[in-house]
Amino acid sequence: MGKVLKRTDKFTKAEKSWILYDWANSVYATNIMAAIFPTIFVSMAGESGDMWWGYGTSIATFIIAVLAPILGAAADYKGMKKKLFTVFMLLGVVFTLVLSFTNDWRIMLAVYVVSRIGFAGSNLFYDSFLTDVTTNERMDKVSSWGYAMGYIGGSTIPFIMSIAMLLLLGYSNPIAQKFSIIITSVWWLVFSVPFIKNVHHVHYKDTDSRPTIKQVFANVGNTLKDIMTEKGMMLFIIAYFFYIDGVGTIISVSTAYGTALGLGAVGMILALLITQIVAMPCSILFPRLAKKISTRRALMFAISVYMFICFVGFMMGFTLEPHQAAYNNAYKTHTETSISNISVEFEDKASSDKFLHDYMLKSRPLIRDEKDEDLRKLELTWEGISAKDADNALIAQEELYNKNLAFAKDNEGKINDYRKAQKTSTVLFWAMAILVGTVQGGIQATSRSYFGKLIPKERSNEFFGFFDIFGKFASVVGPLLYSFVAGITGRSSYGTLCLLVLFIVGLVILKGAKKPLEELELSRAKQEAI
């Protein structure tokens, strides 16, 4: 039920406002999910930071995945969709801002989980509004322009501002780090206003009464039954579950993976900026490819590119990890020997041991990267230190500095091998970033619009709720699989390689679904024409 949309060559006000929300919230995907905040978090959480990041991402996506079909069923009633969208949008904005108020990585992880629930929840309703703002004929175009504007505006502009602050003040500067978080919240909130004002719920269930819990769960059951009995839709959504799993996981863990390998944070962020720049035109061009060779084949092409991306990501770590392990193992032995042979004895033994190890941990990348000046400036001290221990700290600092110089000289071969492998892996990271840019927006936008063509419009939120639950549960499996395999093997590259299986399964299912998908799409087109 609802008014009929007029067809026009130009974007309508509703279409423009809908597209602008991607401009608004894409900064969260870049600054918080993919590029800047993960590297901040991993640096604070330590060597296992990428593993904890994977678990946190899985928890957030699991929660929203469970809620998605229930929220979707409730949102299809008149007046509910906009309200639920606003609640989740504000939840994401507010808790993202809270991230800037703490330096405890455990609290950061918990707050990040809530902010990501807000981000994912608002996107559930945003996606389903696609059927309200445009027609079937324009759906691929409008959906793709949403992603394109998100890449070029919402991602790129605040992303560049954040990078500029990090370069000017230093990547480890708290002000620069907090700026990248605060601008995410402000940008997201400000550019959500047109959506709130101009996007309206057109297709809905025509009833003045609010839905009861019984009705909501009954609708969930009916929608699931409809999906299961419609072969084309069921096969598509299962294929989507697998391939979007890999897409979402690559977005979520790429910089955490690079940080764990010791790649430069600024270099990785600049590479991801290239992803945004490449993704904008490719997102706009992708519907043309889909029109020329069919949507299903275009999606299969994008999946094939992602399979190659997985292999590049695997090689990025596989060639580096042996050199990283050799250096880290040698440095670990060096650390314990150096600390145990310090000539002074501290009064506060517990604090001294902690900060001696912290000093050596901070020295490790400086020695590896030959940053002698930064190594010289590194200080050994802690809050509340006594006068005697302060004097001892100066002596210990000088001794450890000299021992580190000796270690660097004795292990020159290991360090050079590690640095050469780092350079190769950095090049592969850049190649991977460019490849992702060519298909990331296209595969997401086309999947969304293609599903929109397969479903009844007045029940869009119910069906998009299940579309979202399959996507979100995939995002639970991907990071969990990555973290689990990386944990048991001790090599993050194997975690990356596992993602290849998910793309293969998605590709095989989509290839076999040709006939039922074509029949369903034709059937929906005929229904819309009546």
Side-chain angles (χ1 to χ4, degrees), residues 61-62 64-73 75-76 120-121 123-131 136 139-140 143 147 203 219-249 290 294-303 306 439 442-478 481 499 501-525 527:
T61 49
F62 176 81
I64 196 64
V66 171
L67 293 176
I70 301 170
L71 293 170
D76 275 326
N123 277 338
L124 162 63
F125 304 109
Y126 167 66
D127 287 345
S128 68
F129 267 113
L130 178 60
T131 59
N136 272 6
M139 206 170 283
D140 282 345
S143 181
Y147 274 100
H203 301 291
N219 290 340
V220 170
N222 290 334
T223 306
L224 179 59
K225 182 180 178 181
D226 289 343
I227 291 173
M228 297 298 290
T229 54
E230 188 63 70
K231 186 178 179 181
M233 190 181 300
M234 182 183 69
L235 289 174
F236 173 73
I237 208 168
I238 292 173
Y240 175 78
F241 171 87
F242 284 100
Y243 72 72
I244 210 66
D245 176 0
V247 174
T249 305
S294 84
T295 301
R296 187 182 64 89
R297 287 194 181 97
L299 289 172
M300 290 170 63
F301 167 75
I303 293 170
Y306 265 107
V439 288
I443 196 171
Q444 291 175 310
T446 305
S447 296
R448 176 172 63 188
S449 59
Y450 190 51
F451 186 72
K453 296 174 186 178
L454 301 177
I455 63 175
K457 302 296 181 289
E458 71 278 2
R459 298 172 62 193
S460 64
N461 236 85
E462 289 181 20
F463 281 90
F464 267 105
F466 277 94
F467 183 73
D468 197 70
I469 192 174
F470 274 80
K472 292 300 181 292
F473 266 125
S475 295
V476 171
V477 174
L481 182 63
L499 303 181
V501 176
L502 303 170
F503 288 112
I504 292 173
V505 174
L507 181 66
V508 170
I509 294 173
L510 202 57
K511 182 175 177 60
K514 180 178 184 292
K515 185 176 179 180
L517 280 173
E518 288 177 349
E519 290 175 349
L520 178 57
E521 191 174 359
L522 181 61
S523 173
R524 293 298 184 204
Q527 290 174 14

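Keep in mind that this is a model prediction, so the values were computed, not measured.
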>> For the aromatic rings, using the six-membered ring if either is Trp, is the centroid distance between F236 and Y450 under 6.0 Å?
In response: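 Close enough - the centres of the two rings lie under 6.0 Å apart.
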> With F503, which of Y306, Y243, F242, F241 fulfils ring-ring contact (aromatic ring centres under 6.0 Å, His included)?
Replying inline: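 Between F503 and the candidates, ring-ring contact (aromatic ring centres under 6.0 Å, His included) is satisfied uniquely by Y306.
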Do any N or O atoms from the side chain of [X] and from the backbone of [Y] form a donor-acceptor pair under 3.5 angstrom?
X    : Y    : answer
S128 : F125 : yes
T446 : I443 : no
S143 : M139 : no

> Do the non-hydrogen side-chain atoms of Y240 and L510 ever get within less than 4.5 Å of each other?
Replying inline: no
>> Can you confirm whether L517 sits close enough to L454 that some side-chain heavy atom of one is under 4.5 Å from a side-chain heavy atom of the other?
In response: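 In short, these two side chains touch, coming nearer than 4.5 Å.
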Within this structure, what is the [atom1]-[atom2] distance for the pair [X] and [Y], rounded to the nearest 0.5 Å?
X    : Y    : atom1 : atom2 : result
S447 : I303 : OG    : CD1   : 7.5 Å
L235 : K514 : CG    : NZ    : 14.0 Å
D245 : L481 : CG    : CG    : 7.5 Å
F129 : L124 : CZ    : CG    : 10.5 Å
K231 : E519 : NZ    : CD    : 9.0 Å
K453 : L522 : NZ    : CG    : 13.0 Å

> If you take all heavy atoms of I64 and G121, which pair is closest and at what distance?
Replying inline: CD1-CA, 3.7 Å
> Closest heavy-atom contact between M233 and L520?
Replying inline: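 Scanning both residues, the minimum pair turns out to be N-CD2, 3.6 Å.
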>> Tell me every residue that passes salt bridge (charged side-chain N to carboxylate O under 4.0 Å, His left out) with K511, counting only those two or more places apart in sequence or in another chain.
In response: none
> What residues, two or more places apart in sequence or in another chain, satisfy ring-ring contact (aromatic ring centres under 6.0 Å, His included) together with F451?
Replying inline: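 If we apply the ring-ring contact (aromatic ring centres under 6.0 Å, His included) test to F451, skipping adjacent residues, the hits are F464, F467.
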